[in-house]
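Chain identifiers are assigned alphabetically (A, B, ...) following the order of the sequence lines, protein sequences preceding nucleic acid strands; residue numbering begins at 1 within each chain. Every heavy atom of this structure was used, including side-chain atoms; hydrogens, water molecules and symmetry mates were not.
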Number of protein chains: 2
Amino acid sequence: MGRPSARDQVLDAYQEILIADGVAAVTLEAVAARAGVSKGGLLYHFGSKDALLDGLVERLLHLTEADIARAHEAPEGPLRYYLSTSVTDADMGKPAHRATIAALRLLGTDPKISTTMIEIDRRWSELLAAHLKDPAVVQVAALLGDGLYLRATLGEKTPEDFLRRLPDMLEQLDQ
Amino acid sequence: MGRPSARDQVLDAYQEILIADGVAAVTLEAVAARAGVSKGGLLYHFGSKDALLDGLVERLLHLTEADIARAHEAPEGPLRYYLSTSVTDADMGKPAHRATIAALRLLGTDPKISTTMIEIDRRWSELLAAHLKDPAVVQVAALLGDGLYLRATLGEKTPEDFLRRLPDMLEQLDQ
DNA sequence: GTCTATACTAAGATAGAC
DNA sequence: GTCTATCTTAGTATAGAC
């Protein structure tokens with residue numbers, strides 16, 4: 001693992017401020033402070049605020065790829081993996097999850113966010129399609145994932161017991 | 001109907017810029033220009049940028065209330081009304097819909113947006129709960145609505161034929 | 001109720017030392 | 001690779017005329 005590079009620490013700080021305090025709180029100064037570097041130091045790694053966003057998008061894409069690979073192998077199957085992954089408190093610490101929530105905070109600010117989220121949706125749907133019969137159920141599952149992420153971004157938690165029932169309901173629908 | 005007040009025109013401009021160009025494009029100057037008034041004129045109606053956001057939230061709450069009242073009477077039933085309402089191209093012009101998309105653009109910028117969206121979710125769920133047997137299906141329906149709104153915000157359109165099947169699937173699940 | 005002019009501030013970015 | 005100092009601009013908000 002090794003200790004994180006300064007670059008990664010900056011990206012972490014960016015992400016965490018985004019999640020905790022919202023887009024308005026993300027100033028170069030605040031990010032630098034949280035990462036333990038100066039504004040100049042930060043700008044060495046990311047030449048502009050926009051570069052910071054690009055960095056987050058890139059990270060999100062990588063983490064998602066890794067997550068989908070894991071879903072492929074998951075003993076409980078991709079559907080359960082996908083839906084639980086989205087939101088449980090236990091998973092809130094999951095890197096892919098945090099990066100997604102952070103990115104969603106930037107929704108209105110840059111079109112790159114939208115295209116990235118659409119792309120991620122597409123990849124998960126691809127995986128789900130390979131494991132469900134009915135394409136409509138795939139759509140439902142993907143849509144539910146999106147709903148869960150929106151709620152997580154709103155700070156609303158979805159009841160655990162409902163989350164446990166969810167995959168069963170979808171499988172019933174897939175008959 | 002009467003012609004819209006200057007105040008309303010300002011709010012319209014704010015909303016439309018939000019939807020079309022995102023949060024960064026929303027400057028007092030841009031909003032004023034689009035509303036056909038000067039910066040000073042705008043600030044007479046809304047004393048600050050924050051007041052503009054408050055205005056949108058208030059409008060959204062009113063429109064939602066009216067929409068829910070309509071859903072109550074809808075011949076196709078609240079479930080169908082809720083799900084179609086969310087996203088069809090035909091409904092894109094619907095005031096409640098546009099206000100919602102605009103508000104979602106502001107997600108990361110102010111906690112008021114989150115609390116408002118949660119409140120709106122709650123009200124729709126209340127209505128749906130009165131017309132479905134299984135509380136879990138109510139949750140699913142509400143979550144799907146959220147997912148549809150997130151996708152609309154992303155600019156991704158959901159296939160019409162899938163949308164038509166959706167309520168039937170949920171009713172099947174509710175047996 | 002709306003306009004013009006202007007003050008003020010915050011924040012992004014550059015330059016150059018270390 | 002990181003820091004301090006500084007420049008620059010954009011954008012919010014105020015004041016006061018009409």
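- Using a 4.0 Å cut-off between a side-chain N of Lys or Arg and a carboxylate O of Asp or Glu, Lys112(A) and Asp50(A) qualify as a salt bridge.
- Looking at Glu171(A) and Arg80(A), a side-chain N of the basic residue comes within less than 4.0 Å of a carboxylate O on the acidic one, giving a salt bridge.
- Between the side chain of Asp174(A) and the backbone N or O of Lys133(A) there is at least one donor-acceptor pair closer than 3.5 Å.
- Salt bridge status for Arg122(A) with Glu119(A): present, with a side-chain N to carboxylate O gap under 4.0 Å.
- Against DNA chain C, the stretch residues 30-45 of chain A makes heavy-atom approaches under 4.0 Å through Lys39(A), Leu43(A).
- If you measure from atom CG of Leu28(A) to atom P of dT14(C), you get 11 Å, rounded to the nearest angstrom.
- His72(A) and His131(A) have perpendicular rings, their planes meeting at more than 60° on a 0 to 90° scale where under 30° would count as parallel.
- Thr115(A) contributes a side-chain N or O that, together with a main-chain N or O of Pro111(A), makes up a donor-acceptor pair within less than 3.5 Å.
- Classification of Arg59(A) and Asp12(A) as a salt-bridged pair holds, one side-chain N sitting under 4.0 Å from a carboxylate O.
- Note on Asp168(A) versus Arg165(A): no salt bridge recorded, every NZ/NE/NH1/NH2 to OD/OE distance being 4.0 Å or above.
- Put simply, chain B comes within 4.0 Å of DNA chain D, heavy atom to any atom, from dG11(D) to dT14(D), going 5' to 3'.
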